[in-house]
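First up is the structure itself, then whatever we jot down about it.
Every chain is numbered from 1, with letters handed out A, B, ... down the list of sequences. Only a predicted model underlies this, so the values are computations on that prediction, with no experimental measurement involved.
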Amino acid sequence: MEIVDIAGLRAQQIATAGNVIRHDAFDFQTPSIIAGADVGFEQGGEVTRAAIALLRFPSLELIEYQVARINTTMPYIPGFLSFREYPALLAAWQRLSQQPDLVFVDGHGISHPRRLGVASHFGLLIDRPTIGVAKRRLCGRFEPLSDEPDARAPLIDKGEQVAWVWRSKLRCNPLFISTGHRVGLDSALHWVRRCMRGYRLPEPTRWADAVASNRMAFQRWRQGQESPDLFNPQ
DNA sequence: GCGACAG
DNA sequence: ATCTTGTCGC
């Protein structure tokens with residue numbers, strides 16, 4: 001892990017954030033393929049592992065996944081997550097045999113102090129519609145949600161709405177759904193809502209998380225798929 | 001000055 | 001994020 005110039009990265013974020021497109025700017029009426037993207041770590045954090053899972057829409061069946069491992073270059077610093085994670089995400093992205101119409105990224109999009117969370121930064125780099133799906137707040141404030149499933153409240157930061165705080169499931173903490181790139185806030189929530197299957201997280205995110213973190217659920221699934229070396233292809 | 005702080 | 005099984009509560 002190298003030394004990082006935080007002031008330089010901050011300047012880069014401010015300069016780059018202006019390129020993020022916050023409204024719907026895509027060709028599809030309904031997406032055919034939606035991806036989930038997530039990052040995990042190995043060997044005490046020395047190795048970064050990114051996973052991207054491709055799901056058919058609206059059936060939400062897994063059709064492909066790719067994993068990439070690279071040496072970790074940066075420590076985790078709140079507000080600078082994208083610089084730590086995007087290199088591995090790009091590596092996994094380049095391994096895909098086909099490109100998805102929409103990508104759900106684990107983490108925030110514009111709901112970031114300088115409006116450039118990992119979902120927005122990665123979206124700009126691949127120039128694809130992306131949505132940020134985060135489990136915890138990074139910035140902004142919101143009114144308490146009712147207990148009802150589907151309850152929502154705007155996340156407000158510096159006077160503007162930067163995300164939807166949304167209760168995806170009864171008795172579960174809400175998710176933070178934000179524009180990544182080329183997807184408006186309301187559309188972002190719309191597509192996430194259409195990818196739910198009874199869990200707190202949408203299916204693309206669940207699969208990406210399971211693959212990136214090598215969850216036992218994923219290992220069991222691999223067992224049933226009898227494809228032993230898909231996970232260690234390099 | 002103090003607290004907050006994605007993964 | 002990661003180390004990790006069972007366990008308490010709805």
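A:R69 and A:E42 are joined by a salt bridge, as a carboxylate oxygen and a charged side-chain nitrogen come within less than 4.0 angstrom of each other. Taking the charged nitrogens against the carboxylate oxygens, A:R95 and A:E64 have no contact shorter than 4.0 Å, which rules out a salt bridge.
For A:A134, whose side chain is taken as the heavy atoms from C-beta onward, the closest listed nucleotide among C:dC10, B:dA6, C:dT2 is B:dA6. Comparing B:dA6, B:dA4, C:dA1 by their closest approach to the side chain of A:L138 singles out B:dA6. The side chain of A:H112 lies closest to B:dA6 when the candidates are C:dT2, B:dG7, B:dA6. Distance from the side chain of A:R136 is smallest to B:dG7 among C:dC10, B:dC5, B:dG7.
In this structure, A:M1 places its CE atom 14 Å from C1' of B:dG7, rounding to the nearest Å.
At the heavy-atom level, A:G79 lies under 4.0 Å from base atoms of the strands shown. The residue A:F80 sits close to a base: some heavy atom pair falls under 4.0 Å. Residue contacts for A:G40: at a heavy-atom cut-off of 4.0 Å it reaches the sugar-phosphate backbone alone, with no base atom in range.
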- So what is the 5' to 3' dot-bracket string for DNA chain B, if pairs are Watson-Crick or G-U wobble with both distances under 3.5 Å, crossing pairs use [ ] and | means the partner sits on another strand? .......
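Residues A:D186 and A:W164 bring a donor and an acceptor atom of their side chains to less than 3.5 Å of each other. Side-chain atoms of A:E85 and A:T48 form no donor-acceptor pair, as typed in the model, at a separation below 3.5 Å.
Stacking between A:Y76 and B:dG7 is shown: the ring centroid lies under 5.5 Å from the centre of the six-membered base ring, and the planes differ by under 30°.
Each of A:R115, A:H112, A:R137 was checked for a side-chain hydrogen bond (donor to acceptor under 3.5 Å, both in side chains) with A:D157, and the lone residue meeting it is A:R115.
Dashed line: the shortest gap from a side-chain N or O of A:S213 to OP1 or OP2 of C:dT2 is under 4.0 Å.
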